[in-house]
Amino acid sequence: MTVQTNKKIIVMLKRLFSAIIVVASCISAGAQGTCIINGNIADGKKIKKVSLVIADEFGQEREVAVSKVKKGKYLFTHEIAAGDPVMLYTIKGIGEKGIRLFVEPGEVNVNTVSAEAPEESTVTGTPTNDAYAEYMAIRNAGQKRVDTQTEALAAANGSDWLQSSEGQSTVKNIKAKEAIKTEAEAIRFLINHNSSPMTPFEIEHTLLPNLSESYADQMTKAIAVSLRNHPYYLSLRNKVLSNSMKVGNEVPDITLPLLSGEKKRLSDYRGKYVVLNFWASGCEKSPAMLAIMKELYETIKSSNGQFVIVSFALDSNAAAWKEALKSNGTDLEGWIHACDAAGAESPAAKLYKVESTPKIVLIEPEGRAVSLNLENNEVIMRVKQIMSGDLYYLDQEE
């Protein structure tokens with residue numbers, strides 16, 4: 001979109017936020033029950049089976065069920081444990097990308113006219129899927145209005161005119177106006193459905209690139225309290241925090257896949273100063289950084305638990321990472337080690353904008369950044385400074 005279009009969207013956002021009162025819902029984000037998925041593929045005689053999969057925050061897909069397809073029909077019966085959040089799953093085996101749907105208690109009907117166009121399938125029957133269908137209809141209506149107006153221009157002026165600079169400029173203006181209208185309608189719909197898990201998901205994946213930092217923050221705060229522990233809300237909030245990351249601001253709350261196999265979040269260490277260092281066992285600068293971290297480890301022993309070191313390895317081989325910890329002597333009690341085996345594609349690294357390793361971040365007990373890129377020789381000095389009672393960072397500009 002053009003700068004002018006973005007400005008118009010921001011103006012529209014201001015009007016929407018002044019007109020809409022967000023009411024927090026007390027509907028639970030997770031519920032126990034069974035999701036029955038009835039599928040029908042009109043031209044699916046050649047399809048023999050389909051699978052139901054879900055992707056985690058690291059992009060790893062997990063197959064949860066498989067169904068045979070008979071005369072184009074298939075059935076999934078998926079049990080939902082108490083407390084499990086409503087999430088987007090994908091039916092794979094139909095087209096390249098498959099069909100997305102929310103799995104929640106109830107009966108879902110999936111109708112596919114063409115196996116080669118699964119994205120045009122209709123998914124209905126449960127509250128979230130019905131709301132998502134309405135939302136997608138709003139988005140699709142905008143493109144239909146563009147197509148209708150473009151066809152009318154071609155009919156009135158000819159196809160040659162449509163390809164001319166004047167014609168292309170006219171079409172561009174139509175697209176811009178319809179984009180503003182569609183975004184406004186979509187935002188209004190999402191805010192009115194602020195307790196639905198589709199809302200944080202869609203804000204992150206479709207709206208966030210066009211929102212200023214302040215309006216992204218407002219949209220996030222408009223999400224119902226009942227969703228504040230939902231994976232989609234946490235993901236959206238992390239993206240918003242990442243986009244506005246600077247000294248004095250709250251840092252993203254990343255997942256820490258620990259050496260023990262347990263998973264924690266960075267926020268589990270609130271109340272302590274955290275020295276978060278991103279490193280990679282194969283990086284030529286790692287030995288120098290590890291030497292500093294070992295010295296720091298000895299230094300903070302006298303801090304009465306005031307500090308903790310969290311080392312996040314950007315390795316793609318978990319076994320090699322574990323072996324490296326043993327060989328470099330950092331597998332020590334109280335030293336937190338994490339690795340998601342995603343290498344440079346690690347979601348944590350992307351949230352913290354890690355372009356090279358090592359990268360050392362100092363975080364204060366409330367989760368705000370003291371420094372986002374400490375040099376090796378600064379770390380111990382800054383930690384000792386805080387341990388002595390000199391909270392130097394309080395004088396830094398945000």
Side-chain angles (χ1 to χ4, degrees), residues 27-148 151 182 186 189-190 193 196-202 205-206 230-232:
I27 298 174
S28 172
Q32 184 176 13
T34 303
C35 181
I36 299 172
I37 303 170
N38 294 304
N40 179 61
I41 312 167
D43 62 349
K45 292 182 180 179
K46 293 182 180 180
I47 297 176
K48 302 302 179 184
K49 70 174 183 177
V50 291
S51 58
L52 186 66
V53 304
I54 185 170
D56 63 18
E57 65 180 297
F58 307 115
Q60 299 298 313
E61 291 188 340
R62 176 171 59 88
E63 186 177 85
V64 299
V66 176
S67 174
K68 292 182 178 179
V69 180
K70 297 181 179 179
K71 296 181 179 179
K73 298 185 181 299
Y74 57 90
L75 173 69
F76 291 109
T77 302
H78 184 65
E79 297 299 325
I80 302 169
D84 278 0
V86 176
M87 301 283 286
L88 263 178
Y89 286 61
T90 304
I91 298 174
K92 291 292 186 83
I94 308 173
E96 185 178 345
K97 295 183 178 179
I99 302 169
R100 296 198 306 183
L101 74 161
F102 286 92
V103 169
E104 60 188 335
E107 190 166 337
V108 182
N109 297 305
V110 182
N111 290 302
T112 304
V113 175
S114 172
E116 294 186 0
E119 68 279 359
E120 297 177 6
S121 301
T122 58
V123 182
T124 58
T126 59
T128 307
N129 284 304
D130 286 346
Y132 195 55
E134 286 186 63
Y135 172 78
M136 293 308 297
I138 290 172
R139 289 214 159 272
N140 293 334
Q143 184 58 52
K144 289 180 181 177
R145 290 194 296 268
V146 170
D147 293 341
T148 298
E151 289 170 5
T182 299
F189 186 88
L190 291 176
H193 291 77
S196 172
M198 72 169 183
T199 295
F201 182 87
E202 283 301 314
H205 292 91
T206 62
H230 193 286
Y232 292 153

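Since this is a predicted model, take the numbers as computed values, not measurements. When reading the values below, keep in mind they use all heavy atoms of this one structure, side chains included, and skip hydrogens, waters and symmetry mates.
The main-chain N or O of Met136 is found under 3.5 Å from a side-chain atom of Asn140 such that the two form a donor-acceptor pair. The backbone N or O of His193 lies less than 3.5 Å from a partner atom in the side chain of Thr199, making a donor-acceptor pair. When atom types are taken as modelled, the side chain of Asn111 and the backbone of Thr122 share no donor-acceptor pair closer than 3.5 angstrom. Side-chain N or O atoms of Glu202 include none that pairs as donor or acceptor with a backbone N or O of Leu190 at under 3.5 Å. In terms of modelled atom types and a separation under 3.5 Å, the side chain of Ser114 and the main chain of Glu116 share a donor-acceptor contact.
A distance of 11.0 Å separates NZ in Lys68 from NZ in Lys48, rounded to the nearest 0.5 Å. Here Ile54 contributes atom CD1 and His78 contributes atom NE2; the two are 7.5 Å apart, rounded to the nearest 0.5 Å. The distance from atom NZ of Lys73 to atom CD1 of Ile41, rounded to the nearest 0.5 Å, is 10.0 Å. Atom CD in Glu104 sits 13.0 Å away from atom CE in Met87 (nearest 0.5 Å). Atom NZ of Lys144 is separated from atom OG1 of Thr148 by 9.0 Å, given to the nearest 0.5 angstrom. Note that CD of Glu119 and OG1 of Thr112 are 10.0 Å apart. Values are rounded to the nearest 0.5 Å.
The minimum heavy-atom distance between Ile47 and Val69, with the atom names listed, is O-CB, 3.2 Å. Residues Pro118 and Ile94 share a closest heavy-atom pair of CG-O, 3.4 Å. Scanning all heavy atoms of the two residues, the minimum distance from Arg145 to Thr182 falls at NH2-OG1, 3.4 Å. Here the shortest heavy-atom pairing between Asp43 and Val113 reads OD1-O, 3.5 Å. Here the shortest heavy-atom pairing between Ile80 and Pro105 reads CD1-N, 3.5 Å. Nearest heavy atoms, Asp130 versus Gly125: OD1-N, 2.8 Å.
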Between Lys49 and Val66, is the side-chain contact (heavy atoms from CB on, under 4.5 Å) condition met? List the steps.
CA-CA 7 Å; Lys49 70 174 183 177; Val66 176; 4.1 Å; yes
Output, in order, the C-alpha distance, side-chain angles, deciding distance and verdict of side-chain contact (heavy atoms from CB on, under 4.5 Å) for Tyr89 and Ile37.
CA-CA 11 Å; Tyr89 286 61; Ile37 303 170; over 6 Å; no
How far apart are the C-alpha atoms of Val64 and Phe76, what are their side-chain angles, what is the distance that settles it, and do they pass the side-chain contact (heavy atoms from CB on, under 4.5 Å) test?
CA-CA 10 Å; Val64 299; Phe76 291 109; over 6 Å; no
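Inter-residue side-chain proximity for Pro85 and Pro231 is flagged as met; some heavy-atom pair is nearer than 4.5 Å. The shortest side-chain heavy-atom distance between Val123 and Tyr132 does not fall under the 4.5 Å cut-off.
Enclosure of atom CD in Glu63 by more than 12 non-hydrogen atoms of other residues, nucleotides or ligands within 6.0 angstrom is indicated.
Separation of the His230 and Tyr232 ring centroids falls under the 6.0 Å cut-off.
A donor and an acceptor atom, one from each side chain of Tyr135 and Thr206, are located under 3.5 Å apart.
In this structure Asn38 satisfies the side-chain contact (heavy atoms from CB on, under 4.5 Å) test together with Ile36, Leu75, Glu107, Asn109, sequence neighbours excluded. Under the side-chain contact (heavy atoms from CB on, under 4.5 Å) criterion, Glu79 pairs with Thr34, Thr77, not counting sequence neighbours.
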